[in-house]
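See below for the structure under consideration.
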Amino acid sequence: MEHCIVKNVALGENMKKREKNIPEFAITHAGKFHADDVFCAALLTYLNPNIQIKRVFELPEEYEGIAFDIGNGLYDHHQKNSRVRENGIPYAAFGLLWETYGTEIMKPEDAARFDEYFIQPLDLADNTGEIHPIANLISLFNPDWDSDLTGDEAFEEAKTFALQILEKNFNHIQSICHAEAIVQKAIQESDQNIIVLNPPVPWKRWVIGTEIEFVVFSSERGGFYAQAVKNLETGKLKCEFPDQWRGKTAKELQSITGLKTITFCHNGGYLLMAETLEDAKQACRIAQQQKSLD
């Protein structure tokens, strides 16, 4: 199975660091910080926890390394005619840095999706002053006038916070990718357009639009759920559980269906529960047979 996230693979391995061009040193601006430069620092620290990041008011003339949000270089956006995405959202330093290093962490399509839903709103806030909750939180890390913290100490606190946010997002994306692999395998092994997911994982984005009619998965309460799948175009269920099952007691359901462990059928006809996997699957087959007779 291909992992979407290359989590810390290169860390501590100098050869791989050189191969992936992960820097050992970087510079950003001193003074008040924002989400833009803080998340840049967090991203580089994720890739290399030993990176040294120096904050300065002016970029040294002879400096040729990584500089972000300062110096009018590759990862700055304050110069005239700075880059704008095709959708009209201007790049800030975080988006520019992600463009280079995002695919060191995840597959290109996932990196593009992360840019769209997470980075672009932050870039927009940095460039326009538009309100963004995470950007507002980061700004609170700047030391107050009577604080004992130095600007660099406060920046480190903000970077640690931003790094936790990135790690949570990356772990979530990795989890989704793992779920996709499980679901795709289940689809390949499906029987009568019924798939079984064990363990239960998110499935709708990969199942809706296929020929699959029912998804069976284990319940935290014990037993198994069977859920009907909607038609992508109409939004209606492809195959519903029979009307005479809906809202009945466990005893009534067992009498009607002949399935000894069936315990619940939702009034909407889309969800059913049984104590055994076989009864959950068999309920789906009976529903399919009923549909074919209607």
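Computed over heavy atoms, backbone and side chain alike; hydrogens, waters and symmetry mates excluded. Everything numeric in this text was worked out from a predicted model, so none of it was measured.
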Open item on the list: I need the single residue from Phe161, Phe155, Phe33 that forms a ring-ring contact (aromatic ring centres under 6.0 Å, His included) with Phe141. Which is it?
Closed with: Phe161
TODO: Kindly say whether the aromatic ring centers of Phe264 and Phe241 come within a distance under 6.0 Å.
DONE: no
Open item on the list: For Phe118 together with Phe39, are the ring centres under 6.0 Å from each other?
Closed with: yes
Is there a donor-acceptor contact under 3.5 Å from the side chain of [X] to the main chain of [Y]?
| X | Y | result |
| --- | --- | --- |
| Ser255 | Glu252 | no |
| Asn231 | Lys238 | no |
| Asn142 | Ser139 | yes |
| Asn171 | Glu167 | yes |
| Gln288 | Glu213 | no |
| Lys281 | Val196 | no |
| Asp36 | Asp123 | no |
| Glu104 | Tyr101 | no |
| Trp206 | Ala181 | no |

Is there side-chain contact between [X] and [Y], with heavy atoms separated by less than 4.5 Å?
| X | Y | answer |
| --- | --- | --- |
| Asn169 | Tyr117 | yes |
| Cys40 | Thr28 | no |
| Asp110 | Arg113 | yes |
| Leu96 | Thr100 | no |
| Lys204 | Lys230 | no |
| Ser190 | Thr210 | no |
| Leu259 | Ile286 | yes |

List the atom of [X], the atom of [Y], and the distance in Å for their closest heavy-atom pair.
| X | Y | value |
| --- | --- | --- |
| Pro200 | Ser218 | CD-OG, 3.2 Å |
| Glu157 | Leu149 | OE1-CD1, 3.8 Å |
| Ala162 | Ile138 | CB-CD1, 4.4 Å |
| Leu272 | Ala280 | CD2-CA, 4.5 Å |
| Ile51 | Ala26 | CD1-CB, 4.2 Å |
| Ala226 | Cys284 | CB-SG, 3.6 Å |

Using 0.5 Å steps for rounding, measure from the [atom1] atom of [X] to the [atom2] atom of [Y].
| X | Y | atom1 | atom2 | value |
| --- | --- | --- | --- | --- |
| Met273 | Arg221 | CE | CZ | 6.0 Å |
| Leu97 | Leu43 | CG | CG | 5.0 Å |
| Ile105 | Ile173 | CD1 | CD1 | 9.0 Å |
| Gln244 | Gln290 | CD | CD | 5.5 Å |
| Ile195 | Ile182 | CD1 | CD1 | 11.0 Å |
| Leu122 | His34 | CG | NE2 | 12.5 Å |

If hydrophobic clusters are built by linking Ile, Leu, Val, Met, Phe, Trp and Tyr wherever their side-chain heavy atoms come under 4.5 Å apart, do [X] and [Y] end up in the same one?
| X | Y | answer |
| --- | --- | --- |
| Leu271 | Val201 | yes |
| Leu232 | Val183 | yes |
| Leu59 | Phe57 | no |
| Tyr225 | Val216 | no |
| Met106 | Phe94 | yes |

- [ ] Describe, in one word, how the ring planes of Tyr63 and Phe25 are oriented to each other, choosing from parallel (under 30°), tilted (30 to 60°) and perpendicular (over 60°).
- [x] perpendicular
Open item on the list: Would you say that more than 12 heavy atoms from the other residues, nucleotides or ligands in this model lie under 6.0 Å from the CD of Glu109, or not?
Closed with: yes
- [ ] Decide if atom CD of Gln79 counts as having more than 12 heavy atoms of other residues, nucleotides or ligands within a radius under 6.0 Å.
- [x] yes
- [ ] Go through the steps to decide whether Asn48 and Glu24 satisfy the test side-chain hydrogen bond (donor to acceptor under 3.5 Å, both in side chains), and finish with yes or no.
- [x] CA-CA 7 Å; Asn48 178 9; Glu24 300 283 353; 3.2 Å; yes
Carboxylate-amine/guanidinium proximity below 4.0 Å for [X] and [Y]:
| X | Y | value |
| --- | --- | --- |
| Arg55 | Asp37 | no |
| Lys159 | Glu156 | yes |
| Glu278 | Arg285 | yes |
| Asp115 | Arg85 | yes |
| Glu180 | Arg205 | no |

- [ ] Given side-chain hydrogen bond (donor to acceptor under 3.5 Å, both in side chains), test His77 with Asp69 step by step and report yes or no.
- [x] CA-CA 7 Å; His77 63 112; Asp69 215 32; 3.1 Å; yes
TODO: Take Ile187 and Trp203 through the test side chain to side chain contact (heavy atoms under 4.5 Å, CB included) and record every step on the way to the result.
DONE: CA-CA 10 Å; Ile187 291 173; Trp203 54 266; over 6 Å; no
Open item on the list: Under a 3.5 Å cutoff, is there a donor and acceptor pairing between the side chains of Asn87 and Glu116?
Closed with: no
TODO: State whether a side-chain donor-acceptor pair under 3.5 Å links Asp76 with His78.
DONE: yes
Open item on the list: What verdict does the side chain to side chain contact (heavy atoms under 4.5 Å, CB included) test give for Asn136 and Ile131, after you've listed the backbone C-alpha separation in whole Å, the side-chain angles of each residue and the deciding distance to 0.1 Å?
Closed with: CA-CA 7 Å; Asn136 290 348; Ile131 299 299; 3.5 Å; yes
Task: Passing option when Ile89 is tested against Ile119, Leu124, Val84 for side chain to side chain contact (heavy atoms under 4.5 Å, CB included) - done: Leu124
- [ ] Tell me, with the steps shown, if Ile208 and Val229 meet side chain to side chain contact (heavy atoms under 4.5 Å, CB included).
- [x] CA-CA 7 Å; Ile208 295 176; Val229 178; 3.9 Å; yes
Task: Pair Thr261-Phe224, side chain to side chain contact (heavy atoms under 4.5 Å, CB included): steps then yes or no - done: CA-CA 10 Å; Thr261 72; Phe224 294 84; over 6 Å; no
